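Bear in mind that the values here come from a model prediction, so they are computed numbers and not experimental data. Every chain is numbered from 1, with letters handed out A, B, ... down the list of sequences.
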There are 2 protein chains.
Amino acid sequence: MAHGTSPRPLRPSGLSIGDIATRTGLAVSAIRYYEEEGLVAPYRTASGQRRFTRADLRRLSFVRIAQSLGFPLSRIRAAMQSLPADRPPSKADWGRISREFRADLDARIAQLEALRDKLDGCIGCGCLSLDSCALYNERDKAAALGDGPRYLMGDRSEDI
Amino acid sequence: MAHGTSPRPLRPSGLSIGDIATRTGLAVSAIRYYEEEGLVAPYRTASGQRRFTRADLRRLSFVRIAQSLGFPLSRIRAAMQSLPADRPPSKADWGRISREFRADLDARIAQLEALRDKLDGCIGCGCLSLDSCALYNERDKAAALGDGPRYLMGDRSEDI
DNA sequence: GTAATTCCTCAAGTGAACTTTAGGTCAAGC
DNA sequence: GCTTGACCTAAAGTTCACTTGAGGAATTAC
């Protein structure tokens, strides 16, 4: 920690990257990476050091939480782009994004449950080799989870 | 397809990698990769071409299904290592692995539901910035999902 | 018998989400 | 006033799960 034994109150000069790291549990290198990726935009001191506001702290906490829920950074960035740039986001702003993610999450859980039930009926009964097996043919259906292992979310609308 | 317009019956010589690819929906390159990773072990013809048995087809189908459920290859390999090497796996063998994955899946769904509910209570109410927020402090708890973004499964028992 | 496929290996590339390293600047504590 | 630690940038490395490409051999189709 840079500014003493406990992180100083945010005012007047904002938090350093080290302070933010300990507060959010993110690595310093991860925070720099998130800035590169446009997930957060700290201002700089005269000498070029990053300084973070309370709103930045919230953004980064949200990134961490959404990540732990399995959302890719691209999705998180997209959602956060709807946050206001001119004023600090309000409770309502965050609530809107939260509801968006909540809906995605519900869908993902439902999909997972459906597949789990097929797993019971299908692998459990040994029919894995049959061409009529529901799980086996899952790939043919529109409702299948993303078809690449890298896209667990199933929310990627681009090509592939 | 190598052996005619429709894939020939498995006997006497097994299926080629191309046949397996069309049957499982996997790419040829993916199947080669899975062999490298020890997930399947086809035999070879005199000239070095891969030939797959019915048991191999089942293994690869299982890999595809488990992948779509979000399990990493390392986990799938670990589970399949308990399959017998000397005889083709029985219905009971697959059933045991299936139950194992089903349990993991249930746990994952439960975790996701718990986090979703916290998302409601926590981000929804705007408390994201408070140090007492449950989601915010999720990382401190043993029950948290894997702490790296690459490990959505939370089933990785190694270091980190 | 030849052309078109399919197959082979090995090496390198891809994308996501970072970390690590190298080489330096700046600020805090004594 | 100097050392120590935190900070900076830029580039390269890491892991997972593959794909792509190069260069060549074997098989199949006509």
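With respect to A:E35 and A:R44, a salt bridge is recorded, a charged nitrogen being found less than 4.0 Å from a carboxylate O. Salt-bridge annotation for B:R51 and B:D56: absent, with no side-chain N of the basic residue lying under 4.0 Å from a carboxylate O of the acidic one. Remark: B:D93 engages B:R87 in a salt bridge, criterion side-chain N to carboxylate O under 4.0 Å. Between A:D106 and A:R102 there is a salt bridge, since a side-chain N of the basic residue sits under 4.0 Å from a carboxylate O of the acidic one.
The side chain of B:I17 lies closest to C:dC7 when the candidates are D:dC18, C:dC7, D:dC7. If you check D:dA17, C:dA27, D:dC7 against the side chain of A:S47, the one that comes closest is C:dA27. The side chain of B:S29 lies closest to D:dT19 when the candidates are D:dT27, D:dT19, C:dT19.
The shortest side-chain heavy-atom distance between B:R116 and A:F101 does not fall under the 4.5 Å cut-off. A heavy-atom distance below 4.5 Å is found between the side chains of B:L73 and B:Q67. For the pair B:L112/B:I109, no side-chain contact is recorded, criterion being any heavy-atom separation below 4.5 Å from C-beta on. Side-chain contact between A:I20 and A:R23: absent, with no pair of heavy atoms (C-beta onward) separated by less than 4.5 Å. Here the side chains of B:L60 and B:F52 are in contact, with some heavy-atom distance below 4.5 Å.
Summarising the geometry, the separation between CD on A:E36 and C1' on D:dT9 is reported as 10 Å, rounded to the nearest angstrom. The CG atom of A:L73 sits 9 Å away from the C1' atom of C:dC18 (whole-angstrom rounding). Atom CD1 of B:I76 is separated from atom C1' of D:dA17 by 11 Å (rounded to the nearest Å). Rounded to whole Å, atom C1' of D:dC7 lies 12 Å from atom CG of A:D19. The separation between A:R77 atom CZ and C:dC18 atom C1' is 14 Å, rounded to whole Å. One atom, CZ of A:R51, and another, P of D:dC7, lie 8 Å apart when rounded to the nearest Å. If you measure from atom CG of B:L26 to atom P of D:dA17, you get 14 Å, rounded to the nearest angstrom. Taking atom CG on B:L15 and atom P on C:dC7, their separation rounds to 11 Å, with Å as the unit.
OP1 or OP2 of D:dA6 has not a single side-chain nitrogen or oxygen of A:S16 nearer than 4.0 Å. Here B:Q67 does not reach the OP1 or OP2 of D:dC16: none of its side-chain N or O atoms lies under 4.0 Å away. Of the side-chain N and O atoms in B:Y34, none sit less than 4.0 angstrom from OP1 or OP2 of D:dA17.
B:R32 is linked by a side chain to side chain contact (heavy atoms under 4.5 Å, CB included) to B:I17, B:V28, B:R50, counting only residues two or more places apart in sequence or in another chain.
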Show me the protein contacts with nucleotides 9-13 of chain C, counting only N or O atoms at under 3.5 Å.
from	atom 1	to	atom 2	distance (Å)
C:dT9	OP1	B:R44	NH1	3.0
C:dT9	OP1	B:R44	NH2	3.3
C:dT9	OP2	B:R50	NH1	3.1
C:dT9	OP2	B:R50	NH2	2.7

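Both A:E37 and B:V28 lie near DNA chain C, and the one whose nearest nucleotide falls closer to the 5' end is B:V28. Mapping A:Y33 and A:Q49 onto DNA chain C by nearest heavy atom places A:Y33 closer to the 5' end of the strand.
When the local axes at the two ends of the helix from C:dG1-D:dC30 to C:dC30-D:dG1 are compared, using 5 base pairs at each end, they differ in direction by 0° after rounding to 10°.
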